[in-house]
There are 2 protein chains.
Amino acid sequence: MCLPSGLQSIDAKAMKKRITLSDVAAAAGVSKMTASRALRGTGDVSRSSMEKVGRAAKEIGYVGNHLAMSLASRRSDLIGVVVPSFLNVVFAEVLSGIAESLDGSGMQPVFGVTDYDPDREYEIIRNMLSWNPAGLIITGLDQPDETLQLLENADVPVVQIMDLDGTPVDACVGLSHHAAGASMAEALIAKGRRRFGYVGCGLDRDTRARKRFTGFKEALSAHGLALKTTWTGPGPSTVKAGREFTAQVLETHPELDCIYYSNDDLAVGGAFHCIAAGINVPEALVIAGFNGLDLVESLPVRIATSRTPRREIGNAAARIILGSDRDDPATGGTRTEFRPEIETGL
Amino acid sequence: MCLPSGLQSIDAKAMKKRITLSDVAAAAGVSKMTASRALRGTGDVSRSSMEKVGRAAKEIGYVGNHLAMSLASRRSDLIGVVVPSFLNVVFAEVLSGIAESLDGSGMQPVFGVTDYDPDREYEIIRNMLSWNPAGLIITGLDQPDETLQLLENADVPVVQIMDLDGTPVDACVGLSHHAAGASMAEALIAKGRRRFGYVGCGLDRDTRARKRFTGFKEALSAHGLALKTTWTGPGPSTVKAGREFTAQVLETHPELDCIYYSNDDLAVGGAFHCIAAGINVPEALVIAGFNGLDLVESLPVRIATSRTPRREIGNAAARIILGSDRDDPATGGTRTEFRPEIETGL
DNA sequence: ACTGATATCGATACCGGTATCGATAACATT
DNA sequence: AATGTTATCGATACCGGTATCGATATCAGT
C-alpha cells in the first residue's frame, strides 16, 4: 500500500522470472543438455556433473516445466480419467483405486466429470486429448459415435471401465450389468420371493442401471414372474429419494415381498423407511440394491446387494494403461471381467 | 496377424501423424498464424478465412494441442485442486462445486489426492506447479513450511479451502472448525445435555477434526463441564468404525447423554448402533456429528450435525481463482467465511 | 494520382524443454 | 605411434503453437 511495498512488489515481479533449465545449467557450469540429462537421470552424465546440477537445481529452486517437456518429448505423464459423477461413492472408490495403482509410476491422473451428459463427455475427452495423455480411462461402453471416432482417431490407449455389455474401443474392465441384474433376480427367487417391485432413479442417463433393470426383468420372465410395479424418477439416486419412493410404492403395493432398487443409495433409503415404518426387513420385505457400499454392512437391518469391486476395477484399469505400449498396437484389446458377489441378507 | 493386417498396421501408424495447425492452415490455404487466429476467434481475421479455417479444421479432425498453446502463451487453463481424499463425500461435493463454477470458463480442474500425507501433498503441488496452472486450490491451512515456500515462490494464485483457523498463503474460504466445535457444544448444553463422550478417527492426520475437538472441549470447560470419555481410533472415519466404537463406548459409559463424533460418517454408525440396540435417539442419547450429509436427514432417527456448505465453498474458491488477475498482486488476500448451521435434532 | 488510415495477413522469433548426432578427451589395443 | 573404444558433453534442430511487428491491399479523402 505504501511506497516501499509498491516498490518491493515491482521488484518482486521483476525477480519472478520463471527459473528455467538454462538457469540451472548456467549455475552448474554445464550446458542445458547436460543439465537436462542429469536431472532426468538418463545415462551419459558423469557423476560429478550430476551432483553439480542437482545441487544447483535445489539451490535456485528449479521446478521444471511439464509443458515444455511433454511437448518436446511427445509424451506426457498424464492419464485422463472420465467419470459421470464424483458424488457417487462408487466412482470415488474407482478413482481412488486408479490413483493407488498409479502411485510411484510417475503418471498423474487427471479427472473429468461428465454429469452423465454425452455432450459434455465429448468435450472433456476432446480437451484431454489435447494434452496428449499417456492414456484415457473412461466410464462405460455406450459413447455416441462422434465420441468413439474421436477416441479411435487419437493414438492413445483407451480403457473403458465399469461395463462389459458392448464393444470396447480398445480394452475394457468391469462387469456385466445385465448379468448382475439377472443373477440378483435368480438369487431372490431362490430365496422364495415372488412379488417384486422396482424403484430406480435417473435411468434415462445411467445406461448401466438400465442394463441391470433389463437383466432383472428377463430373469423374472424366465421364471414366469413379472414386476408388480415399477417406480422410476428422473433425479439423482439419493438416500432421500429412496426413502420417499419406497413409502409411495408400499402405499399402493403393500403386498410386495421384495423391492429391487437401481442402486444401494436408493436401497438404503428404502431400508430407512422400513425401519421408521416398523416393517420387518428382510423377512417381510427384502430390500435389494447394487454396489455393496460399506455403509450397507453396518445398517441395522440386512439388505441384499451385489458387491462390486470398485477399487479393483480402478487398479486394473490403471495397470492396463501402465502396461500398454504406445508403439505396439497389439497391446490392449483385453477384456477384464469381474463378477459381483451377491448378498441376499437372508 | 497375417501379412495384410501387419501391413495395414504399419500403414495406419504412418498415417497416424498428429494433425497440426500447419495442416489446417495448408488445407485452408492460409498461413499458420491466420489459422491460429481464426480458431481462437481473436480479431484481425476476415470473415471468409474464418470460415475456411473452421471448415478445414472440422474436415481433417484437428484437435489442437494444449501443451504447445500453454507453452507459447505462458498461461494455461488448468486449475490444480488438492484434497486429502475422494472417499470422503465432503470433498467430492467441494470438487463438484468447483467443477460447477468453472464450467464455461474454459478452465479445467485437475485433481490431486494427498491421502492426508504432507509429503505427498508437497509432491503433488510441486508436480502441479510444473504445469504452470492458472491457480491452485488446496485443502487446509496447515501445510509444512517447505510446502508453503513452494507456494509462495510460485507466481500462482492460491486459495486454501475448508479452514479459517490460521494464516493463508493468499486467499482462503471455509469455516472456523474451532468455532464450529464450540458452538455445537453450546447448542447441546443449551438443550440440557451434560454427560458428554467423544468418538473420533484419524485425528492425528485430520487437523480440522482436531480443531473441532479442541473447540468442543473448551466450550465444555467454559460451562464447568468435561468429557466423560474420549475414544479415538487411528483408521479412517467410516460408518462401520462409528458403529463399533459407539458400542464399545456405551458399554463402559452407559451414563452418557450425548456423544460428539469427529464427523457424520462416524455419527451415522453411532445412530445405527442405537437403532439396533434399541436406544432412544435423541431423547436418551444425542448423537452429534459434523458436516450435515444428505444421508443424515433421511435417517430413521434424528441426529445432531453442523451443516457445512461444501458446494458453496467449492464455488467460492473457483470464483476467486477466476477473478484473480495474475499480473495484479493486489488480488487475493480475501477471506471468505461460511458459518455452519447447527441442527440438534431435539 | 498521391497520401494516410484501416483491415488482413505472414515471416520470424520465441516458449522451455528433448532428440540426435557429432565433437572431444581419456584410455585401451595392436 | 597410430588406431579404436568408450564416456561425456554440447550445438543444433525441432515439438506445435503464440506474440510481435512489418508487409500488403483496399479504400476514402484531397
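What you are looking at is a predicted structure, and each value in this text was computed from that prediction instead of being measured. Just so it is clear: chains get the letters A, B, ... in the order the sequence lines come, proteins before strands, and each one is counted from 1.
Aromatic pair Phe91(A)/Phe86(B): ring centres not closer than 6.0 Å.
Using modelled atom types, one side-chain atom of Ser73(A) and one backbone atom of Met69(A) make a donor-acceptor pair closer than 3.5 Å.
A 4.5 Å side-chain heavy-atom check between Gln160(B) and Thr139(B) finds every atom pair outside the cut-off.
By the 4.0 Å N-to-carboxylate-O rule, Arg120(A) lies close enough to Asp103(B) to be salt-bridged with it.
Nucleic acid contact class of Asp44(B) (heavy atoms, under 4.0 Å, all strands): base. Note on Arg37(B): a base of the nucleic acid sits closer than 4.0 angstrom, heavy atoms only. Contacts of Met33(B) with the nucleic acid, taken as non-hydrogen atoms under 4.0 Å apart, include base atoms. The residue Ser70(B) sits apart from the nucleic acid: no heavy atom pair falls under 4.0 Å.
Protein chain B contacts DNA chain C over a range whose 5' and 3' limits, counting nucleotides with an atom under 4.0 angstrom from a non-hydrogen atom, are dT8(C) to dG16(C).
Among residues at least two apart or in separate chains, ring-ring contact (aromatic ring centres under 6.0 Å, His included) pairs with a member in residues 42-74 of chain B are Trp131(A)-His66(B).
Both Leu71(B) and Ser31(B) sit near DNA chain C, but only Ser31(B) has its closest nucleotide nearer the 5' end. Nearest-nucleotide positions on DNA chain C place Ser46(B) closer to the 5' end than the other of Ser46(B) and Ser73(B).
Counted by atom type alone, Ser101(A) and Asn315(A) present one or more donor-acceptor pairs between their side chains at under 3.5 Å.
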